[in-house]
Amino acid sequence: MKGKNLEDLLDKKVQIKTYTENEYIGKVTGYVPAEDNDPEVEEIGILNEKDNKNYSLFESEIKSLKILENSEK
């Protein structure tokens, strides 16, 4: 999912669809820059509303991403 700055998604509610046809809706709770990962790919954490579980997704897994709302801090 090139072209999106994933770090800017922290604390935002998003809808993510993956290439494996999974869908996640929830708040982005974490971010790992590419240089801190092996392989060097950005990663975000999302708290999925459907099952109240945290998931980590690599940028390369994300097919589409839509910002639903900004969270209040």
Side-chain angles (χ1 to χ4, degrees):
M1 169 110 209
K2 297 288 182 193
K4 267 278 191 236
N5 188 351
L6 296 182
E7 186 174 16
D8 291 342
L9 299 174
L10 277 171
D11 296 319
K12 292 184 171 68
K13 184 176 178 181
V14 297
Q15 176 185 32
I16 295 173
K17 293 184 181 178
T18 66
Y19 288 103
T20 56
E21 301 304 323
N22 290 326
E23 181 179 67
Y24 304 92
I25 296 175
K27 182 179 173 185
V28 176
T29 58
Y31 170 77
V32 179
E35 56 270 8
D36 290 348
N37 261 342
D38 185 21
E40 289 190 3
V41 179
E42 285 183 292
E43 180 181 359
I44 60 171
I46 183 170
L47 178 58
N48 193 32
E49 290 179 351
K50 186 175 182 179
D51 59 8
N52 204 36
K53 291 184 180 179
N54 282 298
Y55 292 90
S56 292
L57 299 170
F58 289 112
E59 177 186 37
S60 57
E61 296 176 285
I62 300 172
K63 182 177 182 179
S64 68
L65 186 147
K66 182 174 163 184
I67 297 172
L68 301 177
E69 65 186 42
N70 293 332
S71 295
E72 298 293 321
K73 284 191 172 184

Would [X] end up clustered with [Y] when hydrophobic side chains under 4.5 Å apart are linked, directly or stepwise?
{"X": "V14", "Y": "L57", "answer": "yes"}
{"X": "I25", "Y": "I46", "answer": "no"}
{"X": "Y31", "Y": "L47", "answer": "no"}

From the list L9, I67, D11, L65, side-chain contact (heavy atoms from CB on, under 4.5 Å) with V28 holds only for L9

Contact summary for V41 and N37, nearest pair of heavy atoms: O-ND2, 2.9 Å

Heavy atoms of N48 and Y24 approach each other most closely as OD1-CA, 3.4 Å

Report yes if some heavy atom in the side chain of I44 is under 4.5 Å from a heavy atom in the side chain of E42; otherwise report no. no

How far does [atom1] of [X] sit from [atom2] of [Y], to the nearest 0.5 angstrom?
{"X": "E69", "Y": "K27", "atom1": "CD", "atom2": "NZ", "value": "10.5 Å"}
{"X": "L68", "Y": "I16", "atom1": "CG", "atom2": "CD1", "value": "9.5 Å"}
{"X": "K63", "Y": "E23", "atom1": "NZ", "atom2": "CD", "value": "11.5 Å"}

If you measure from the Lys or Arg side-chain nitrogens to the Asp or Glu carboxylate oxygens, is any gap between K13 and E49 under 4.0 Å? yes

